[in-house]
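Because the structure is a prediction, the values reported are computed rather than measured. Both ligands and their constituent atoms are indexed starting at 1 by order of listing.
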Amino acid sequence: MSAPQVHPTISALREHLAAARAKGARIAMVPTMGALHEGHLSLVRAAREHAEHVVVSIFVNPTQFAPTEDFDAYPRDEQSDLDKLAAEGVESVFMPGRAEMYPEGFATSVSVGGPAEGLESASRPHFFAGVSLVVTKLLLAALPDVAIFGEKDYQQLCVIRRFVRDLNIPVQVLGGETVREPDGLAMSSRNRYLDTATRATAARLPEVLFDTARRLEAGAPPAPLLDQAIAALAASGFNVDYLELREADTLAPLASGTRSARLLVAARLGTTRLIDNVALTLPA
Ligand code: PAF
């Protein structure tokens, strides 16, 4: 197990990747905010299937947090992250400081409509502007052949696919399947905010989500079923931000005749906000 090369600057990263490319390596990137768990490591393993050189970025991006959110408290565990990436045989880690990504006088934004509208944006209106900006910068810094993002953040994945397409960024974007705890809870760096009692309750979220999806696939009418599911989550102590059925690729509201759909949920348990989603095929 050899340690990955850690690059704090875009120029050092580019130099290292250019040398790898010159030797014929394909490059796959996994952008992260650190606090790595099995979900991230599954993306790293998926990246390996596409490339000889895997680069992981670790940057807790301030522009995707509102002032009231958990930027300062967000878990940071750099040594443990680097050990995990070394064990996966990752070649490069891009770990820039804030000034490298947003130097004095930074004045550019990336604004995405379409799939960025509604859902997360309703309660986190700043979020996709921050994600789109930082991911654009990360992709342009590394220009990998492939970049992989987790499906747990499904709306984020759709937004990234859209601006990569719209801006002609020459990178193939792939989604990686959500990794779950044995009781079904989707892995997330924020799960560590849950105490023993809320952690036990948190498993109700995927339970209700999957149960609702199964009933929708069996032909139950969506509106009353979604209301029932929201009530069931509220009865377990969740504050539901949304539980919505959308068209799978565009995230547009369902048109009649849509078969390929996604059911997405966000709910707060105490001060912890959890999100999850599931793919489903609606009956013809
Ligand atoms: O999903 C995340 O961890 C972040 O939103 C991302 C894509 C790394 C951008 O900061």
Do N61 and Y74 have side-chain N/O donor and acceptor atoms under 3.5 Å apart? no
NZ or CZ of R262 within 45° of Y154 ring axis and under 6.0 Å: yes
Is a side-chain donor or acceptor of S188 paired with a backbone partner of R190 at a separation under 3.5 angstrom? yes
Using 30° and 60° as the class limits, which term best fits the ring planes of H40 and H37: parallel, tilted or perpendicular? tilted
Under 3.5 Å, is there a donor-acceptor pair linking the side chains of H50 and Q172? no
Do we see a donor-acceptor contact under 3.5 Å between the side chains of D195 and T198? yes
Which pairs of nitrogen or oxygen atoms, taken one from ligand 1 and one from the protein, are under 3.5 angstrom apart?
unit_1: ligand 1; atom_1: 1 (O); unit_2: Q156; atom_2: NE2; d: 2.8
unit_1: ligand 1; atom_1: 5 (O); unit_2: Q64; atom_2: NE2; d: 3.0
unit_1: ligand 1; atom_1: 5 (O); unit_2: Q156; atom_2: OE1; d: 2.7
unit_1: ligand 1; atom_1: 10 (O); unit_2: Q64; atom_2: OE1; d: 2.7

